[in-house]
Amino acid sequence: MSHVMNTYARLPVAFSHGAGSRITDTEGREYLDALSGIAVNTLGHAHPKLVAAIAAQAGRMLHTSNLYGVTGQEQLADKLCALSGMDEVFFANSGCEANEAAIKLARYYGHKKGIELPTIIVMEKAFHGRTMATLSATGNRKVQAGFEPLVAGFIRVPYGDLEAVRAVAEHHNNIVAVMLEIIQGEGGIHLCDAAYYQGVRQLCDAHEWLMICDEVQCGMARTGKWFGYQQVGVQPDVATLAKGLGSGVPIGACMTGGRATGLFGPGNHGSTFGGNPLACTAALTTIACIEEEGLLDNAARIGALIRQGFAEGLAGVAGLVDIRGHGLMIGIELDRPCGDLVKRGLAAGLLINVTGDTVIRLLPPLNFSEADARELVERMLPLIKAFLAE
Ligand SMILES: *Cc1c(COP(=O)(O)O)cnc(C)c1O
C-alpha cells in the first residue's frame, strides 16, 4: 500500500530524467513532452543555464526569511513589473496562493471603500485552485463538492457574457472585482474575443472594481506574449502567476497596478517560503532565458505550426469540434469525452493531457522546436483519427 495520500488518479509511469522536450521513465522509455508538467517546465527539462543558476544559488544559500531583505525578490519584482506594466509584486509559492493574495486584496480594497461584504464576480468553468477561497472561486462543482461551506463573497456568471457582468453591476452594490482567466486552462482552453475582456475592463473602470487576471497558466510567455492580457489589449489591476514562472521551482506571484497598488501594508499578508532566494533565482533565470532564446516568438510561431498541422491533418474528420488557443496553449476539442487519449498517448511515447472532458490540451515547453512540433502532430494524428473512428 502506498503511503502517499490518494488524491490523484495517476498514470502508471514515473520518470527518471529529461533533457529539453524529452523525458525518460524509470524503465528507460523516452517520451516527447507536450505538457511540461501542466505549463510548468517553461524551458523544458534540465536546461543547462537554469541548472547552473539553481546550483550556484544553492551553494550560496537557499532560504533566508521575509524578516530580511531578499535581493533576488527586488530584482525579480523589478523585472516582472517592467514586463507586465504592474507596480508591485507579492511572492507566494503556488497558483492558489497567488490567487488567495488577489482575493484578499480585493476584499481589503472593498473594506477600505466601506463595503462590508465585498463580492467578486467569477466565471463558469474557471479554475483558481484548491484552497478554500480559490475552490470557492472555481467554477467546477467537482472541485467544491464535499467541502462546503464554501467561502462566501463570489457571484458567478457565464464566461464570455458581458451582459451578465453588467446585470450583476445593476443588482449589487457590493462588487469589488472581476476575476477571470484570459484563456481558461483547466476548463478546456476557452477564450473569447478581445472585445469581451476590453468590455470587462471598461465595466471595472466605470464601477471602480479591480480587474483580476489569473495568469497562472496562460502567463509567462506561454501564449506568445508575456501575459495573456497583453494578447487581448487590456491591463488588469491584479494579475497572478505561478506555473511557468520558475520553470519547475515552486513560486507564485500576485502583481498589482492601478487602483490595486499600495493597498497592503506590513502585517496584511505573508508567506514563510514566498520569494525565497532559490525560487527567485529560478524565476529570474527563466525570464532571462525566455528573452535570450527568443521564446516569445518561438511560442507564437511553433504554436501556430502545431495548430495548422492539426487543422490540416484533421480537416473533414468527423468528431473534430474546434482547434484553438494562442501560442503554446492549445486545445483540440472533440465531440465526445476523450480522456482515454492520454493513456494512448503515453503508450505511444507522448505526454499530452485532456481537460474539460472533451478537449485535448497541449502545453509544450516554450523551447519546443519545429521538428518537435512536426513530430508531435505526426504522432498524434493517427491516435486521434483511430479514436474518432471507433
Ligand atoms: C493551476 C492553476 C491554478 C492553481 O495553481 P496551483 O499551483 O496548483 O495552486 C490556479 N489558476 C489557474 C488558472 C491554474 O491553471
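All ligand and atom numbering here is 1-based and tracks the order in the structure. Just so it is clear, the model here is predicted, and its values are computed rather than measured.
Enumerated by chain and number, the residues approaching ligand 1 to less than 4.0 Å through a heavy atom are Ser94, Gly95, Cys96, Asn99, Phe127, His128, Gly129, Glu181, Asp214, Val216, Gln217, Lys243.
For the residue pair Glu148 / Gln144, no side-chain donor-acceptor distance below 3.5 Å is found, with atom types taken as modelled. Looking at Thr134 and Asn99, their side chains never bring a donor and an acceptor atom within 3.5 Å of each other. With hydrogens and angles left out, the side-chain atoms of Gln198 and Arg201 include no donor and acceptor closer than 3.5 Å.
The salt bridge (charged side-chain N to carboxylate O under 4.0 Å, His left out) test applied to Glu292 returns Lys49, not counting sequence neighbours. Tyr229 meets the ring-ring contact (aromatic ring centres under 6.0 Å, His included) test with Phe227; sequence neighbours excluded.
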Report, one line per pair, each donor and acceptor closer than 3.5 Å where one atom sits in a side chain of residues 339-356; sequence neighbours left out.
{"unit_1": "Asp340", "atom_1": "OD2", "unit_2": "Arg344", "atom_2": "NE", "d": "2.8"}
{"unit_1": "Asp340", "atom_1": "OD2", "unit_2": "Arg344", "atom_2": "NH2", "d": "3.1"}
{"unit_1": "Arg344", "atom_1": "NH1", "unit_2": "Glu390", "atom_2": "OE2", "d": "2.8"}
{"unit_1": "Arg344", "atom_1": "NH2", "unit_2": "Glu390", "atom_2": "OE1", "d": "3.1"}
{"unit_1": "Arg344", "atom_1": "NH2", "unit_2": "Glu390", "atom_2": "OE2", "d": "3.4"}
{"unit_1": "Asn353", "atom_1": "OD1", "unit_2": "Arg361", "atom_2": "NE", "d": "2.9"}
{"unit_1": "Asn353", "atom_1": "OD1", "unit_2": "Arg361", "atom_2": "NH2", "d": "2.8"}
{"unit_1": "Thr355", "atom_1": "OG1", "unit_2": "Glu186", "atom_2": "O", "d": "2.4"}

